[in-house]
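What follows is a single structure, written as structure tokens, with notes after it.
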Amino acid sequence: MSVLDLDHVFFLLIVNIGIAVLWGNRPFVGKILTLLYILEGLSILTSYHVLLSGAVLSSSLTFTVMQQTVQWQLGVSGGFFALITFMAAGLATWFSSGVWARSYAPIRLLHSYMALNVAAMLLLLASNDFLGLFIAWELVSLVSFLIIAINGGRSAKAAYSYILYAFLGAMAILLALIIIWNATNSFSYVEVRHHWSTMSVNRQLIVVLLLITGFGIKMAILPFHRWQAPAYAYVPAPVAAFLGAISSRMGLFALFIVLLQVVGIDVIQTLWLPFEIINMQTFLLWLAALTLIIPTFIALRQTDARLLLAWHGIGQGGFMLLGILSANALGTAGGIMHVFNHASYQAALFFAVFSVSYRTGTADLDRLGGLVTRMPISFTVMLVGIIGLAGLPPMNGFVSKWLIYKALLDEGMPLLFLAAVIGTLGTILSVYKLIHNTFLGQLRLEHENIKEVPWSMSIPMMILASIVFITGYFPGLLLESIAAMQSTLGISVVDYHLGGVNTGKGNLNMIVVVSTMLMAIGMGALIFFVLGNPRKQVTQWDNYAGGHFLTSDMRYQYSHNFYPGLMRVISPLYRNTIFWLESAIVSTVQFMAHISYALFMQANYLLYLILLVVISLLWVLAV
Amino acid sequence: MQDSLILLVVLPLLLAFLLPVIARYLGNLSGLTGSLLLLFNILLLANAWNSVGYSPKVILLGGFAAPLGIVFYIDKLNMLFAILTTIIALLLWPCRTHNTDVREYVLWLLLLAGCYGVILSGDLFNIYVFYELLAVASYGLVTLPATGASYIAGFRYLMISALGSAFALLGIALIYSFTGSVNIAHLAQIIPDHLHHIWGYSAALLLIIGFGVKAELFPVNFWVAEVYSHADKRVTALLAGVVSKIAVLIILRFIILLFPWQDIFNFLLLLGIIGVIVGEFAAFYAQDLLRLLAFSSIAQSGLVIIAFACATEAGIMAGIALAIHHLLLKPALFLLASHCDRSINDLAGLAKSSPWASALFVILALSLLGVPPLPGFWAKLLLLQSLMAEQYLLLLVLVLLATIVEAAYLFRLFMLFYQRQEMPEQKRITIQGQELYPVITLSGILLLGLFFLPLFMDSLREIAMQTSNIEAYINTVLGKVQHIGEGNI
Amino acid sequence: MMIWDDIFLEVDFWINIVSIALIVIGIYGIVFSQHLLRMVFGLGLLEAGVNILLVKAGYQKEAIAPIVTQASDTMMSNILAATAQMVDPVPQAMVLTAIVIAAGVQALALSLVIRIYKKYGTLDSHVLFLAMERDRHLSLNQKD
Amino acid sequence: MQRWTTILFLTGLSIVLFAIITPLVLGQSPMLVGKLINASAVNDTGAANLVTAVVLAYRGLDTLGELAILFTAATAIGIILGTTDKTQTTSSPTAGFIVATAAKVLFPLLLVFALYIILHGHLTPGGGFQGGAVLAAAFFLLTLADSGNNIKHKVTQVIEALAGTAFIVLGLVSFALQGVFLQPWLDKGELGSLFSAGSLPLLYLALGLKVGAELANLLSSLANVEK
């Protein structure tokens with residue numbers, strides 16, 4: 001096994017970018033790119049056992065500046081995230097490789113930006129110190145900006161607000177980095193960890209908060225959550241799936257590495273916010289919980305399926321953070337596992353939603369319905385996806401959420417557990433709305449003749465759906481690398497087996513759970529059919545309403561204004577404070593800008609010089 | 001060997017004097033002689049670069065020992081600035097434009113002679129003279145477009161600049177009254193200890209404000225926007241890129257050698273940070289590209305001043321890095337922008353008609369913003385480190401916040417450039433071919449420099465060390481004649 | 001009374017008063033008048049005031065002008081004795097330079113004033129500032 | 001109101017300036033460099049006028065720079081006011097017979113006076129600048145008296161160029177001979193005699209011609225535009 005294995009991946013990525021830039025318009029190129037992504041994923045997978053043993057894949061990409069050697073090497077955590085990235089990118093490209101590409105004019109840009117994104121993300125995942133991390137971080141921000149802005153119009157606006165938030169985050173990180181450098185004279189993780197305690201407690205606190213802000217902005221934690229949903233919703237299907245699956249997880253990855261590997265969770269536990277109001281860990285946990293709850297309930301209000309999913313993406317990010325910050329073997333395992341799980345079902349859901357909008361031309365939940373007979377594959381995929389998103393067995397979302405619940409309870413945080421449950425409740429309600437309004441109910445007249453999406457689009461969806469199911473069935477597949485990750489980071493390691501985990505007080509075995517469920521369903525079906533299959537095929541319009549005959553163009557089943565009662569209860573809570581804050585900042589900046597400009601536009605600016613001279617001389621005389 | 005560096009100043013002057021006569025016989029070739037001269041200067045500097053090494057040298061003009069006559073001080077910093085000035089001047093040399101008036105070449109040469117003189121001179125009054133030379137030449141160049149607005153802008157520029165110079169001269173008079181000397185090395189022996197009172201401070205402030213006019217120091221930089229938007233593009237590029245940095249270089253020498261007092265540093269830090277903030281905000285509001293760049297130039301100069309005002313080795317290093325970066329980058333941006341001299345909103349879709357130009361603009365602007373791994377990032381990183389080393393946490397935060405404002409207007413610009421709409425036919429801007437060569441060259445230098453980053457950082461550190469070494473400066477210039485008549489004060 | 005006499009009879013005081021008066025009048029002309037010509041003249045006064053201060057720096061009590069007049073007396077020791085009594089020649093040289101520089105700058109300023117007057121027919125700096133901004137605005141929006 | 005604020009401000013400014021300037025007591029400056037120069041100037045340069053020694057030898061580069069500034073200003077004014085080579089004889093009347101004749105009488109005297117000042121710059125007060133100014137005044141007098149008598153731009157330009165070149169070449173010769181720019185060279189001669197002080201009188205001659213041509217140029221540019 002060559003040590004410089006990562007070079008192959010980088011080389012492939014460059015080839016990838018080259019092909020996308022040069023021939024991105026050709027019809028076949030999507031397939032080639034898909035193959036390349038799979039190849040890159042495989043080349044990491046083939047040496048994955050090395051990573052599991054705690055070794056790293058290093059690359060020859062390295063430089064020395066300011067006595068710091070910056071090099072790129074992939075550890076098991078990076079490898080895990082990289083695999084998810086390649087999975088998402090590969091399937092997204094596959095999705096766009098066939099018929100879809102013909103309907104999308106700037107396909108070359110899409111391929112190029114996707115390739116650039118993957119490359120930048122790999123740089124981030126393989127970074128080995130703060131400097132490399134920051135460089136890659138900024139690259140990721142820029143290429144994400146490109147890919148978000150790809151559609152122009154609304155998406156460009158969203159991209160602009162994204163890049164401003166991203167710069168805010170980058171500056172926060174940079175500030176943290178500089179403070180760290182000042183105290184430790186180093187950017188390397190090991191050195192920083194070693195010299196961490198040379199910083200005063202105040203500095204430590206500031207650094208941690210800055211890092212949380214910086215990396216948290218990428219995963220849209222509260223109160224920086226406003227950019228993400230529009231940014232991820234108004235892009236083309238493959239991009240949405242890719243972004244929703246992995247892009248904002250880069251923030252989580254960085255946080256995970258920094259908080260657990262460099263700072264150490266024990267340090268976070270000992271830090272207190274000023275006046276000892278609240279412990280840092282508790283504070284962050286509640287931040288994560290709010291990030292889970294609020295965006296989830298915002299999602300519940302959405303009538304655009306894409307926005308609904310995008311808001312859920314933010315909420316699930318809170319879930320992951322909750323798990324990781326619980327500082328418990330089960331919790332961190334659950335948090336990381338949820339990254340994978342979320343990537344798989346979120347991509348599947350985005351594909352399903354975009355398939356529907358590809359055929360119907362809309363993603364507005366109020367103008368859809370009854371598509372189940374027309375698009376059965378999409379329906380199945382969405383069903384699998386929402387079960388995963390809601391965190392119900394037998395899909396993989398259940399496992400990770402279970403682990404997180406368990407961790408919260410084990411750590412004695414019942415209120416947080418309650419918050420997580422509330423979040424899940426919101427998720428279940430809204431995903432039901434999603435699938436109901438899209439696929440169930442009455443088919444609209446204008447959708448009478450639509451067909452299932454072509455194979456090039458449905459196969460990636462099905463692959464994702466099966467991944468969701470399989471990793472739900474055998475969570476041990478993922479837990480193996482998560483355990484390796486935990487041991488390399490030096491935190492407590494989860495005790496796993498193929499079917500699930502062993503905890504001190506009990507044991508989760510998904511093979512048993514799922515098999516039982518399947519058997520129960522099978523038995524039910526058996527009974528149903530054995531007892532004579534008492535079903536009757538009717539058309540969708542074979543209905544009566546209180547004795548009245550309804551014509552086919554009259555809707556008897558409405559799918560808008562879902563959950564009116566619940567909305568009445570919770571809508572007073574939406575006092576969009578953050579929105580207000582944001583616009584206040586914008587107007588302050590504009591005001592300042594106007595004043596500064598007016599300052600320069602003076603007829604008699606010589607006065608400034610004289611005034612400066614006089615003031616400075618007076619100051620001198622006074623001193 | 002290094003003695004021949006005096007030719008840097010002398011030959012442009014000689015050529016400038018002769019050029020009006022030469023032009024009668026050679027006509028269009030007269031522009032060529034100027035570029036040949038610049039090439040010769042580059043060779044001269046390159047030749048001297050290694051021979052000077054890291055021990056500074058001194059040129060005694062007229063052969064008189066240091067405090068008596070004028071001296072030129074040759075160290076790596078000065079030579080670096082001289083080289084960069086020459087390169088930029090060569091790229092901006094107006095040779096390619098047709099029907100250039102020979103007097104324009106003359107003014108360019110005189111401006112350059114002034115630049116070299118200011119960079120190399122080690123004598124306070126001599127610096128003032130050469131500073132005036134470059135100032136007067138720049139007044140003439142600013143009015144080249146011969147529009148009414150350019151005359152008014154030129155006059156206002158002249159007025160503020162002359163007022164600043166008068167105050168600088170007042171500062172020199174104060175210093176001379178107290179010390180009886182204008183040799184910087186000699187003054188460096190006297191002022192820091194013996195003039196550490198009201199009059200030393202007043203002289204310092206007067207000098208800093210006087211030279212700050214060209215350095216785009218905050219409240220005396222109000223000429224920047226109007227001059228840069230009305231002047232010829234090449235002149236603008238030269239003023240924004242080179243001249244302002246040279247003025248900052250003088251201020252650096254002053255605060256290192258003559259006025260190393262914390263109060264002065266604080267004064268500069270304050271003005272610098274206000275300049276950064278006001279500049280960025282004004283650029284945010286600016287309605288056309290040239291003004292936007294002018295304001296961003298003010299902000300960048302503010303950054304350089306902040307870095308220098310740290311007055312530590314790290315700060316000097318950061319300031320030099322920022323100055324060099326800006327010196328190479330701003331001319332390129334101004335050259336690009338001069339083709340797009342119209343309201344920002346009319347630039348939508350620029351990338352369609354001139355893709356290379358917009359791509360270059362974006363890359364350069366990203367570097368300006370300090371996006372890694374572009375060169376601007378490393379310069380900014382050095383600045384932040386030096387600020388942190390001095391525990392100027394508030395300044396650090398303000399600089400970073402200003403960067404966000406900068407990002408806001410630059411990205412707004414990028415998005416306009418890359419909007420998917422076509423420009424109207426009669427208003428289309430196409431920048432290509434010849435017009436891009438200087439820009440490509442400058443960006444090439446910047447990006448190539450990236451590959452030699454560690455090397456560059458090391459030599460930068462050496463230069464900063466050399467610059468902050470006051471003892472070496474004094475010893476080099478005054479030689480064995482130590483402590484001349486210090487007891488008299 | 002005595003103190004005042006001392007002060008008023010002191011040349012130093014009057015030199016200071018004159019130079020400061022020149023500087024302040026110059027600043028008044030440059031900064032507070034709106035007339036371009038007055039600004040240029042103000043600049044001249046200001047520089048004259050500064051030059052006085054500069055040349056004052058070279059004066060020594062009981063000293064003579066820095067010119068060796070006894071040309072026939074070539075004994076080095078005599079010359080040295082003579083030159084030791086002389087005022088500082090350096091500020092004089094510097095002021096010479098400064099005056100010429102100021103002359104050049106003022107001539108340039110005057111030529112600009114001429115041009116501006118020919119173009120706009122006014123020398124009011126505020127009006128001219130507005131005219132400049134208007135020109136800029138027009139050039140931005142008219143360009144083809 | 002505004003007037004009173006202005007007056008108040010200026011009064012304050014005067015007080016501040018006064019506070020800063022007062023301690024510069026007349027006649028007590030330390031003269032660190034001045035003393036050294038006084039002691040060695042005669043020996044170094046051979047000029048009886050120590051100011052000349054400073055202007056041309058010790059601070060020769062300043063003088064070159066100042067020359068260049070004057071040249072720059074003239075060039076810039078030329079650009080700003082446009083070319084004035086056109087002979088514009090008809091536009092303005094002559095100043096009258098008496099003035100014109102007197103000017104013609106004065107002209108050679110002024111020339112001689114100017115040359116005297118220039119050539120004795122190293123011995124007596126005066127020198128290149130002063131002489132140059134008189135020189136320019138001489139030519140300008142003619143123009144003022146009779147507008148048909150324009151200063152010939154081509155001629156002044158050539159004088160300007162050659163004189164400037166001569167100054168620099170004199171410096172470069174010493175650079176070639178001794179490796180030092182603007183070092184006085186040639187024999188120092190006898191102190192106080194006309195042919196003394198080595199190359200300094202030559203420098204002053206070049207300087208005087210240059211300044212004269214420059215100022216004449218400048219004045220005629222300014223004058224012609226008024227017509």
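As a basis for the values below, the full set of heavy atoms in this structure was taken, side chains included, without hydrogen atoms, waters or symmetry mates. Everything quoted here is computed from the prediction, not taken from an experiment. Here is the naming used below: chain letters follow the sequence lines, and residue numbers restart at 1 for every chain.
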Heavy-atom cut-off 4.5 Å, strictly under: side chain, backbone, both or neither for Ile163(A) against chain B? side chain

Per-residue contact mode, Phe167(B) against chain A (heavy atom under 4.5 angstrom): side chain

I'd like to know if the side chain of Glu216(B) pairs up with that of Ser301(B) as donor and acceptor (distance under 3.5 Å, no hydrogens or angles considered). yes

Name the region of Asn185(A), side chain, backbone, both or neither, that has any atom closer than 4.5 Å to a heavy atom of chain B. neither

Output the option from Asn182(A), Val65(A), Leu175(A), Leu611(A) having the highest count of non-hydrogen pairs under 4.5 Å with chain B. Asn182(A)

Is Val224(B) close to chain A through its backbone or its side chain, or both, or neither, when contacts mean heavy atoms under 4.5 Å? neither

What part of Thr64(A) is in contact with chain B, defined as an atom under 4.5 angstrom from a non-hydrogen atom: side chain, backbone, both or neither? backbone

Start with the C-alpha distance between Gln385(B) and Met317(B), add both sets of side-chain angles, then the distance that settles side chain to side chain contact (heavy atoms under 4.5 Å, CB included), and finish with yes or no. CA-CA 11 Å; Gln385(B) 281 178 356; Met317(B) 181 177 165; over 6 Å; no

Heavy-atom distances under 4.5 Å only: say whether Gln419(B) touches chain A with side chain, backbone, both or neither. neither

At a 4.5 Å cut-off on heavy atoms, which part of Met388(B) comes close to chain A: side chain, backbone, both, or neither? both

Let me check something: any side-chain donor-acceptor pairs from residues 405-412 of chain B under 3.5 Å, sequence neighbours excluded? List them with distances.
unit_1: Glu406(B); atom_1: OE2; unit_2: Gln300(B); atom_2: NE2; d: 3.3
unit_1: Tyr409(B); atom_1: OH; unit_2: Glu280(B); atom_2: OE1; d: 2.7
unit_1: Arg412(B); atom_1: NH2; unit_2: Phe284(B); atom_2: O; d: 3.0

Check whether Val278(B) gets within reach of chain A through its side chain, its backbone, both or neither, counting any heavy atom under 4.5 Å. both

Can you confirm whether or not the ring centre of Trp181(A) sits under 6.0 Å from the ring centre of Phe187(A)? yes

Below 4.5 Å from any heavy atom of chain A, which atoms of Arg156(B) appear? Answer side chain, backbone, both or neither. both

Heavy-atom cut-off 4.5 Å, strictly under: side chain, backbone, both or neither for Phe377(B) against chain A? side chain

Scored by heavy-atom pairs under 4.5 Å with chain B, the best of Phe63(A), Trp137(A), Phe167(A) is Phe167(A)

Portion of Phe414(B) that has a non-hydrogen atom of chain A nearer than 4.5 angstrom: neither

If you count heavy-atom pairs under 4.5 Å between each of Leu453(B), Asn221(B), Leu163(B), Leu369(B) and chain A, which one has the most? Leu163(B)

Portion of Ile209(B) that has a non-hydrogen atom of chain A nearer than 4.5 angstrom: side chain

NZ of Lys157(A): more than 12 outside heavy atoms within 6.0 angstrom? no

Examine Tyr597(A) together with Phe295(B) and report whether their ring centres are nearer than 6.0 Å. yes

Best-contacting candidate, Leu177(A), Leu617(A), Ile179(A), against chain B by heavy atom pairs under 4.5 angstrom: Ile179(A)

Can you say whether Ala225(B) sits under 4.5 Å from chain A via the side chain, the backbone, both, or neither, judging by heavy atoms? side chain

For Phe222(B) and Phe218(B), take the angle between the two ring planes, folded into 0 to 90°, and tell me which bin it lands in: parallel under 30, tilted 30 to 60, perpendicular over 60. tilted

Below 3.5 Å, can you tabulate the donor-acceptor pairs from side chains in residues 124-134 of chain A to any protein atom, sequence neighbours excluded?
unit_1: Ser127(A); atom_1: OG; unit_2: Leu124(A); atom_2: O; d: 2.8
unit_1: Asn128(A); atom_1: ND2; unit_2: Gln73(A); atom_2: OE1; d: 3.3
unit_1: Asp129(A); atom_1: OD1; unit_2: Gly132(A); atom_2: N; d: 3.4

For chain A, which of Val399(B), Leu381(B), Ile277(B) has the most heavy-atom pairs under 4.5 Å? Leu381(B)

